[in-house]
There are 2 protein chains.
Amino acid sequence: MANLTILRTYAQKDPSRISESILFRHDEATITIFDAYPKSIFHFLVLPRVDASGPFTVTDLANLHSVIYKNKEDARKLIQKLKDASEALKVDIEAEMINRYGFKWDIWTGFHGSPSMVHLHLHVLSADMCSERMKNKKHYNSFHPELGFFLDIDTVLSWFDETSLPILPSPSYEKLLKTPLSCFHCGKETSNIPTLKRHLQEEWDMKATREKPK
Amino acid sequence: MANLTILRTYAQKDPSRISESILFRHDEATITIFDAYPKSIFHFLVLPRVDASGPFTVTDLANLHSVIYKNKEDARKLIQKLKDASEALKVDIEAEMINRYGFKWDIWTGFHGSPSMVHLHLHVLSADMCSERMKNKKHYNSFHPELGFFLDIDTVLSWFDETSLPILPSPSYEKLLKTPLSCFHCGKETSNIPTLKRHLQEEWDMKATREKPK
DNA sequence: TATTCCGATAGTGAC
DNA sequence: GTCACTATCGGAATGAG
């Protein structure tokens, strides 16, 4: 189940054969699945589908590096398609935020600088990090929007307007994950995960209290 | 309960007021108590009693260093009294070994190179290290007879025949406790405590099998 | 940076 | 090197056809 190539498997399958407990939706170029270990209240992955008639083989699609160094213009188009799917997804997430909680909050969309699992995957998750599955420093820091490990989709797209593309994954990404824990809302540093989790829950509860009356 | 001065408290009390679940016996100069966290099947502590008319104050009795640097000849006599008590104790332990298990095995008698608890205490324990309370590397290495952290009573007594006494505790004692785990019976190295504990139990079981028929 | 399991390691608080 | 508690850190196995 939790093997390192599971995403590649999904990306190659006929979407109609993927369990609806895993697949959220698909289009010609992408599939959107529920993250099996959500680190926020909402957490999805958008993957490029493997297409024999397209410019990328399944191995070309392994990660950001292999995609952008295959062909810059094809890469830009592919990543733009992931972004398009993520924006459609965002609409649904926000509707569900209102539906379930009566207010909506930020949604982060981006890639990990150094992912473990093969096959390019765009994380789309609500900005709360309140989840049972958010268990350790690597989990948290890998999504912290200020740290640099989490690469926002628009940052990545802006690379294609530059003359040179970055080398990925940079070895410095490893160290970023060991950065001391700091709240992405207020910057407060916490010495351990249980304390951080309680603080994040309080931040979200406060936000809910502020936003709901609107 | 497990505070750092509990032994000093016992050493100052009227022995008749110490619970018999703690006190094993006493004489004019010493008290012998059950170690509250036995690291072997049998494990006792022999302490010098605090005696206002003797050469050592209660603080002089804090540890091996403070005792031997107070007065060499008084220290030798004091430690000899601890040894005398330990030899009487050994007789009782061996009787109980026969009584309970049908054979007897080695008994170690010595001090820790760098104890945490105040008040000089001589460890007297059976050479098995088979106990629920033997939980980590420091526990094990602190009694390993070859390592140097455990100072045999006769080694300590031999210091008094030398012209100079050692400085205690030497800072190098700390490192000794981090030495890789090796079986004191056969020298076999083990990578973790659960494995070592199983091995020690097997060694003791084998010894029991060999010795019982005698 | 996939999770989970096991175990070592580190810091604390105890009264 | 007192214990017990909490949490972090570090390695290894993992699954599936």
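Computation of the quantities below employed the complete heavy-atom set of this structure, encompassing side-chain atoms and omitting hydrogens, waters and symmetry-equivalent molecules. Fair warning: this is a prediction, and the values are worked out from it, not measured in the lab. A, B, ... follow the sequence lines: proteins, then strands. Residue 1 opens every chain.
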_List the residues meeting salt bridge (charged side-chain N to carboxylate O under 4.0 Å, His left out) with A:Arg49, not counting sequence neighbours, and say none if there are none._
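So A:Arg49 forms no salt bridge (charged side-chain N to carboxylate O under 4.0 Å, His left out) with any residue.
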_Going by the rule salt bridge (charged side-chain N to carboxylate O under 4.0 Å, His left out), which residues pair with A:Arg100 if we only count those two or more places apart in sequence or in a different chain?_
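Partners of A:Arg100 by the salt bridge (charged side-chain N to carboxylate O under 4.0 Å, His left out) criterion, ordered by chain and then number, come out as A:Glu96.
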*Looking at D:dC3, D:dG10, C:dT3, which one has an atom nearest to any side-chain atom of A:Lys178?*
D:dG10
*State whether A:Asp161 and A:Arg76 are salt-bridged, where the test is any N-O pair (Lys NZ or Arg NE/NH1/NH2 against Asp/Glu carboxylate O) under 4.0 Å.*
yes
*Do B:Asp60 and B:Thr57 have a side chain donor and acceptor closer than 3.5 Å?*
yes
*Scan side-chain atoms only and decide if A:Asp27 and A:Thr30 contain a donor-acceptor pair under the 3.5 Å cut-off.*
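Distance-only check passes for A:Asp27 and A:Thr30.
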Starting at [atom1] of [X] and ending at [atom2] of [N], how long is that distance when rounded to a whole Å?
{"X": "B:Leu4", "N": "D:dA4", "atom1": "CG", "atom2": "P", "result": "14 Å"}
{"X": "B:Glu174", "N": "C:dA10", "atom1": "CD", "atom2": "C1'", "result": "14 Å"}
{"X": "A:Asn3", "N": "C:dT4", "atom1": "CG", "atom2": "P", "result": "14 Å"}
{"X": "B:Ile6", "N": "C:dA14", "atom1": "CD1", "atom2": "P", "result": "17 Å"}
{"X": "A:Glu132", "N": "C:dT3", "atom1": "CD", "atom2": "P", "result": "14 Å"}
{"X": "B:Leu177", "N": "C:dA10", "atom1": "CG", "atom2": "C1'", "result": "15 Å"}
{"X": "B:His139", "N": "D:dA4", "atom1": "NE2", "atom2": "C1'", "result": "10 Å"}

*Give one of base, sugar-phosphate or nothing for B:Lys39, where a contact means two heavy atoms less than 4.0 Å apart.*
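The residue B:Lys39 makes sugar-phosphate contact but no base contact.
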*Mind checking B:His123 for me? I need base, sugar-phosphate or nothing, with any heavy atom below 4.0 Å counting as a touch.*
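Contact class for B:His123: none.
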_Could you report the tightest heavy-atom contact between A:Tyr10 and A:Ile18, atom names first, then the distance?_
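The answer is O-CD1, 3.6 Å.
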_With rounding to the closest Å, how many angstrom separate the C1' atoms on D:dG17 and C:dT4?_
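One C1' to the other, the span is 23 Å.
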Between protein and nucleotides 6-9 of chain C, what N or O pairs are separated by less than 3.5 Å?
unit_1: C:dA8; atom_1: OP1; unit_2: B:Ile193; atom_2: N; d: 2.5

*Please check if the distance between the ring centroids of B:His121 and B:His119 is under 6.0 Å.*
no
*Answer with yes or no after comparing the ring centroid distance for B:Phe143 and B:His43 against a 6.0 Å cut-off, counting only values under it.*
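Yes, the ring centres sit under 6.0 Å apart.
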*Supply the atom-to-atom distance B:Asp92 CG to B:Phe42 CZ, rounded to the nearest 0.5 angstrom.*
10.5 Å
*Does a side-chain N or O from A:Arg133 land closer than 4.0 Å to OP1 or OP2 of C:dT4, or not?*
yes
*DNA chain D contacts among residues 141-160 of chain B, heavy-atom distance under 4.0 Å*: B:Ser142, B:Phe149
*Step by step, work out the salt bridge (Lys or Arg N to Asp or Glu O under 4.0 Å) result for B:Arg133 and B:Asp35.*
CA-CA 11 Å; B:Arg133 301 295 195 169; B:Asp35 190 298; over 6 Å; no
*Backbone N or O of B:Asp128 within a donor-acceptor pair of the B:Ser126 side chain at under 3.5 Å?*
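No; zero donor-acceptor contacts below 3.5 Å.
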_Can you list everything that forms a side-chain hydrogen bond (donor to acceptor under 3.5 Å, both in side chains) with B:Ser182? Sequence neighbours excluded, please._
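In terms of side-chain hydrogen bond (donor to acceptor under 3.5 Å, both in side chains), with neighbours along the sequence ignored, B:Ser182 is linked to B:His144.
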*For DNA chain C, what dot-bracket results from Watson-Crick or G-U pairs at under 3.5 Å, with [ ] for crossers and | for inter-strand partners?*
.|||||||||||||.
